[in-house]
Amino acid sequence: MTSPTTIRILLVDDSEHVLWGLSKLIDAEMPEMRVIGKARCVSEAFAALREQQPDVVLLDVYLDEENSLDYLPDLFDCGSAQVLVLTGSRDPAVHQRALRLGARAVIGKEQPAHELLTAIRQAHAEPLYTRSM
């Protein structure tokens, strides 16, 4: 069940294992936060954003052959979700580009779970951007 204050989260990653693990981690925080959708590619992410209208999107940088950062401005046009980029890349240029394009934060996949959960709470409580539809 979702309460009015539940943080609704969309997961976007091409790894089924990562999606499964993130779902378990986040859904263990119910009713504070809940996974409302999963996408494995950019086109699925667009559809889920329009349908589900999440509060926060956890977005992997590399989705098979696509760099999701190339689509970040268009993803913002689909709703008002705050985007947290989740990546295994340690390349500072990738991190800087994500932030420059409007991501709320960049979280390394190797970071402890509590840091990811804290970033979700912060993005929801203190949005960096407010977008109008």
Side-chain angles (χ1 to χ4, degrees):
M1 182 165 155
T2 303
S3 76
T5 58
T6 299
I7 304 169
R8 299 163 24 91
I9 301 163
L10 171 65
L11 304 177
V12 183
D13 198 295
D14 57 346
S15 168
E16 194 63 41
H17 297 291
V18 171
L19 291 173
W20 181 86
L22 288 172
S23 291
K24 294 296 183 192
L25 173 69
I26 292 165
D27 285 345
E29 299 296 309
M30 279 200 272
E32 182 186 9
M33 54 182 77
R34 179 174 179 258
V35 173
I36 59 163
K38 299 175 193 172
R40 294 190 63 182
C41 63
V42 172
S43 61
E44 287 178 11
F46 280 116
L49 272 165
R50 288 185 194 104
E51 277 181 35
Q52 303 295 329
Q53 293 297 306
D55 300 310
V56 175
V57 175
L58 291 182
L59 178 67
D60 187 18
V61 173
Y62 301 109
L63 301 170
D64 286 328
E65 301 296 318
E66 296 179 295
N67 183 327
S68 65
L69 299 183
D70 294 339
Y71 301 93
L72 201 50
D74 297 325
L75 288 172
F76 288 132
D77 290 340
C78 292
S80 60
Q82 298 295 303
V83 174
L84 298 174
V85 171
L86 188 62
T87 185
S89 172
R90 294 178 186 221
D91 183 350
V94 171
H95 294 211
Q96 291 168 359
R97 180 174 181 226
L99 295 171
R100 193 173 55 251
L101 289 170
R104 177 68 168 84
V106 178
I107 298 108
K109 287 185 177 180
E110 76 286 352
Q111 295 298 311
H114 71 89
E115 290 188 22
L116 174 61
L117 297 172
T118 297
I120 292 169
R121 289 180 184 103
Q122 288 175 339
H124 185 256
E126 304 166 10
L128 186 59
Y129 299 106
T130 303
R131 295 175 199 85
S132 59
M133 293 295 293

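Just so it is clear, the values below take in all heavy atoms, side chains as well, and ignore hydrogens, waters and symmetry mates. These numbers come from a predicted model, not from an experiment.
Considering CD of Gln52 and SG of Cys78, their distance stands at 13.0 Å, rounded to 0.5 Å. Between the CG atom of Asp27 and the CD1 atom of Ile36 there is a distance of 11.0 Å, given to the nearest 0.5 Å. The CG atom of Asp91 sits 8.5 Å away from atom CD of Gln96, with the distance rounded to the nearest 0.5 Å. Here the CD atom belonging to Glu51 is positioned 10.5 Å from the CG atom belonging to Leu10, to the nearest 0.5 angstrom. Here Leu117 contributes atom CG and Gln111 contributes atom CD; the two are 12.5 Å apart, rounded to the nearest 0.5 Å. The CG atom of Asp14 sits 4.5 Å away from atom CG of Asp64, with the distance rounded to the nearest 0.5 Å.
Residues meeting the side-chain hydrogen bond (donor to acceptor under 3.5 Å, both in side chains) test with Ser43, sequence neighbours left out: none. In this view, Glu29 and Arg121 satisfy the salt bridge (charged side-chain N to carboxylate O under 4.0 Å, His left out) rule, not counting sequence neighbours.
His95 places a side-chain N or O within donor-acceptor distance of the main-chain N or O of Ser89, the cut-off being under 3.5 Å. At least one donor-acceptor pair closer than 3.5 Å links the side chain of Gln53 to the backbone N or O of Leu49. Looking at Asp55, its side chain does come within 3.5 Å of a backbone N or O of Arg8 through a donor-acceptor pair.
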*Step by step, would you call Val42 with Asp74 a side chain to side chain contact (heavy atoms under 4.5 Å, CB included)?*
CA-CA 10 Å; Val42 172; Asp74 297 325; over 6 Å; no
*Taking it one step at a time, do Leu101 and Val83 satisfy side chain to side chain contact (heavy atoms under 4.5 Å, CB included)?*
CA-CA 10 Å; Leu101 289 170; Val83 174; over 6 Å; no
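Atom CD of Glu110 is surrounded by more than 12 heavy atoms from other residues, nucleotides or ligands within 6.0 Å.
Criterion: ILVMFWY side-chain heavy atoms under 4.5 Å apart, direct or through other members. Under it, Leu72 and Leu99 are part of a common hydrophobic cluster.
The two atoms that bring Ala39 and Ala45 nearest to each other are CB-N, 3.5 Å, heavy atoms only. Taking every heavy atom of both residues into account, Leu86 and Leu22 meet most closely at CD2-CD1, 3.6 Å. The shortest heavy-atom contact between Ala81 and Pro54 is CB-O, 3.3 Å. In terms of heavy atoms, Ile120 sits closest to Met33 at CG2-CE, 3.9 Å. Leu25 and Ala113 make their closest contact through CD1-CB, 3.6 Å (heavy atoms, listed as atom of the first residue, atom of the second, distance). The two atoms that bring Leu69 and Asn67 nearest to each other are N-OD1, 2.9 Å, heavy atoms only.
A side chain to side chain contact (heavy atoms under 4.5 Å, CB included) with Lys109 is found for one member of Thr87, Leu116, Asp13 and no other, namely Asp13.
Salt-bridge formation is not detected for the pair Lys38/Glu44: no Lys NZ or Arg NE/NH1/NH2 atom is positioned less than 4.0 Å from an Asp or Glu carboxylate oxygen. Ion pairing between Arg40 and Asp60 fails under the 4.0 Å rule for side-chain N and carboxylate O.
The shortest side-chain heavy-atom distance between Ile26 and Leu11 falls under the 4.5 Å cut-off.
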